[in-house]
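Since this is a predicted model, take the numbers as computed values, not measurements. The chains referred to below are lettered A, B, ... by the order of the sequence lines, with proteins before strands, and numbering in each begins at 1.
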Number of protein chains: 2
Amino acid sequence: MEKQTVTIYDVAREAAVSMATVSRVVNGNPNVKPATRKKVLAVIERLDYRPNAVARGLASKRSTTVGVIIPDVTNIYFASLARGIDDIAMMYKYNIILTNSDDASEQEVNVLNTLMAKQVDGIIFMGNHVDDKLRAEFKRAKAPVVLAGTVDPAGDTPSVNSDYAAAVEEAVTNLINHGHKKIALALGSLSQSINTEYRLAGYKRALNKAKLPYDDALVYEAGYSYDAGKKLQPVIADSGATAVFVGDDEMAAGIINASMESGINVPNDLEVVTSNNTIVTQITRPAITSITQPLYDIGAVAMRMLTKLMNDKELDEKAVILPYGIVRRDSTKSDEGETVN
Amino acid sequence: MEKQTVTIYDVAREAAVSMATVSRVVNGNPNVKPATRKKVLAVIERLDYRPNAVARGLASKRSTTVGVIIPDVTNIYFASLARGIDDIAMMYKYNIILTNSDDASEQEVNVLNTLMAKQVDGIIFMGNHVDDKLRAEFKRAKAPVVLAGTVDPAGDTPSVNSDYAAAVEEAVTNLINHGHKKIALALGSLSQSINTEYRLAGYKRALNKAKLPYDDALVYEAGYSYDAGKKLQPVIADSGATAVFVGDDEMAAGIINASMESGINVPNDLEVVTSNNTIVTQITRPAITSITQPLYDIGAVAMRMLTKLMNDKELDEKAVILPYGIVRRDSTKSDEGETVN
DNA sequence: AATGCTATTGAAATCGCTTTCATGAAAATA
DNA sequence: TATTTTCATGAAAGCGATTTCAATAGCATT
């Protein structure tokens, strides 16, 4: 009953050549006489031979598999990166072992180890925080690691990101130009470096440039969810802020819906800018002005870098920064001199 | 420079035992004297030995890896299933090789073959259409296959789904009870069996039961996207339909936004019910009444079934149907006798 | 003390492929 | 024709585990 597997040995026997020769034709090695190649290919076809990738991996020490660590596949932000990663991986004939980490440090280390055990040729890591333990594991790993959409200010792990700080700075500057004096900043956990070292930094720079005072009380640390946004809205309203930059689209949607429902008009009473330009930004009313990031490309570039690393090539740049943009929608007033499309 | 790998042989030598014994302690085989086990474990610890999963896979013919074929990770519907799959897989110590198929038949077959080459122990397939070619490949595969959130009316591949037909029937019946005579049905491709064999069937059953005529012209085949919904809205409006069942949440959001913006009030002029209860249904105004499906669980149960199959156990049920629900929100009027929470 | 078991352990074969190295044949050069 | 070179090919050694089977040792039994 058990299906019989055809091995390279069977092919060799049937084609009356050695395993080495079969291996050569399977791997496209040019040192095979055309006639022999043809004969072998015919047998391969006839027997429906499929090379066993595991055996191949053991012998060649390359698994043509890369590990991808993602906080949560159902998070569209990371899923978009993952899509870019997979497309490029497929293009280079790699497969992806995908594992969810839930951003939990322990789990991340765990997963990293099982990936190494599976002999992945490389690893792409996505997460919100890279700590010492993780950094140590990266170093320990025999396979190269690339961070995608993930910052590690301390480490020297290759990475691909967009310029989060500059994006926030520009967005907040736009708000300042609209005359706002009190601009709130609604983020997720402040223990995540993207928030403190980049978004918060960009926010501060914008204030500084405009000689506006920085007020701790206007910086909110909440969860990244629709409900968190709804809950946060009255707090923001009480603060007297007339504009807010939000780190997550669903959260922004919560703030907008709660505002509109409590009689606070967006954008007239409160301008809102968000970060990820997901479909949510188009669906809310008003639709939300957002930073745009080339998520797919971040993943794609990260994977491309990884392929280089896996082939022992040098990287042109270790920390790639892809350009961001800002799409104006109806949650903000038009910028000065803005051309309407 | 190249990092040295510690093999089972190194451990055996250091611990002055045979590889077989090391293998036994690594695999928790009880036939090892406690003292020996302790000694070996100490060496493993000291050398920081990690078993090579590839070698293990070759020798044992089990890779503890399962293949997951998904149309697109960035599709929240399938990503939710994937999350359930991965969690259970992890619980059973399996890893997931995830590949996007874009629902393209050729690509699916391709991917299936590379998964088999990688010696996955099992496969979970998600897709919108299972055709003959694919069915043939499933049969040909040595590893068991389970469909998650994917129907194959023709095949006998084990599967986990919710009762799409009954859900639509109930939703449409509710609409009928609100007095509607012309109810539109907005779906994605009608070549997908979930649409024709289930949703359309449920729709027809509801009409039938209510002795309402079925009208082809009220069934729309469009893309599953926000923009498709926006474009479809005027068409629906022209049809004279006063209610619509939609197969996708973003599409429903498009219909709602376009309606409201053209002066058609939802739910007063048009009631809308959608299918997937994603976050989108909470964000629109009005929020959208939706069918709910236990997506995570569908994935989780599928993976659990697969583990049984991979261990040559019998399945209690081949086609598991998980219960659906309906959440009423503001895009429909309250049902008769409905208790408001 | 002789015998029979059972609990531990090791030797060696395998898993299916890659890759090095040697070899014979064919082609090129002298 | 003799001597190099180049091409094609095969033999065999791994890769790093698992697993079967035989062997040894320690104990309990009589």
Please state whether the phosphate of C:dT9, meaning OP1 or OP2, lies under 4.0 angstrom from any side-chain nitrogen or oxygen of B:T36.
yes

Remember a base hit wins even if backbone is also touched, and classify B:A12 as base, sugar-phosphate or nothing at under 4.0 Å, heavy atoms.
nothing

Classify the nucleic acid contact of A:V17 as base, sugar-phosphate or nothing, counting any heavy atom under 4.0 Å across all strands shown.
sugar-phosphate

May I ask you to evaluate whether A:R56 reaches the phosphate of C:dG16, defined as a side-chain N or O under 4.0 Å from OP1 or OP2?
no

For the side chain of A:D152 and the backbone of A:A154, is there at least one donor-acceptor N/O pair under 3.5 Å apart?
yes

For a 4.5 angstrom cut-off between non-hydrogen side-chain atoms, does A:T65 reach A:I96?
no

Base, sugar-phosphate or nothing for B:S23? Non-hydrogen atoms, less than 4.0 Å.
base

Can you measure A:N27 atom CG to C:dG16 atom P for me and round it to whole angstrom units?
17 Å

B:K38 has an atom NZ; how far is it from atom P of C:dT8, in whole Å?
16 Å

Out of C:dC17, C:dT18, C:dT8, which has the shortest distance to the side chain of A:P51?
C:dC17

So what does B:N31 hit on the nucleic acid, given a heavy-atom distance under 4.0 Å: a base, only sugar-phosphate, or nothing?
base

Between C:dC17 atom P and A:R13 atom CZ, what is the distance in whole Å?
13 Å

Can you give me the first and the last nucleotide of DNA chain D (5' to 3') that has an atom within less than 4.0 angstrom of a non-hydrogen atom in chain B?
D:dG16 to D:dT20

Does A:Y49 put a side-chain nitrogen or oxygen below 4.0 Å from OP1 or OP2 of C:dC17?
yes

Shortest side-chain distance from A:N52, nucleotide among C:dG10, C:dT18, C:dG16:
C:dG16

Please tell me which of B:L58 and B:T21 maps to the more 5' nucleotide of DNA chain C, matching each residue to the nucleotide holding its nearest heavy atom.
B:T21

Over all atoms of both residues, closest heavy-atom pair of B:D121 and B:R62
OD1-CA, 3.5 Å

So B:D102 and A:R83, salt bridge (Lys or Arg N to Asp or Glu O under 4.0 Å) or not? Walk me through it.
CA-CA 11 Å; B:D102 284 317; A:R83 186 61 216 256; 2.8 Å; yes

Once you apply a heavy-atom cut-off of 4.0 Å, does A:A16 come out as touching a base, just sugar-phosphate, or nothing?
sugar-phosphate

Quickly, which of B:L81, B:D72, B:D103 forms a side chain to side chain contact (heavy atoms under 4.5 Å, CB included) with B:M126? Name it, please.
B:L81

Output the rounded distance in Å from CG (A:D10) to P (C:dC15).
11 Å

A:M19 CE - C:dT19 C1' separation (whole Å):
11 Å

Do the side chain of A:T150 and the main chain of A:A148 share a donor and acceptor less than 3.5 angstrom apart?
yes

Closest heavy-atom pair and its distance - A:L306, A:I123:
CD2-N, 3.7 Å

B:L315 and B:L309, any side-chain heavy atoms less than 4.5 Å apart:
yes

Answer with base, sugar-phosphate or nothing: what part of the nucleic acid does A:V54 contact at a heavy-atom distance below 4.0 Å?
nothing

Between A:V26 and B:K33, which residue's closest nucleotide on DNA chain C lies nearer the 5′ terminus?
B:K33

Once you round it to whole Å, what is the distance between C1' of C:dT18 and CG of A:N29?
11 Å

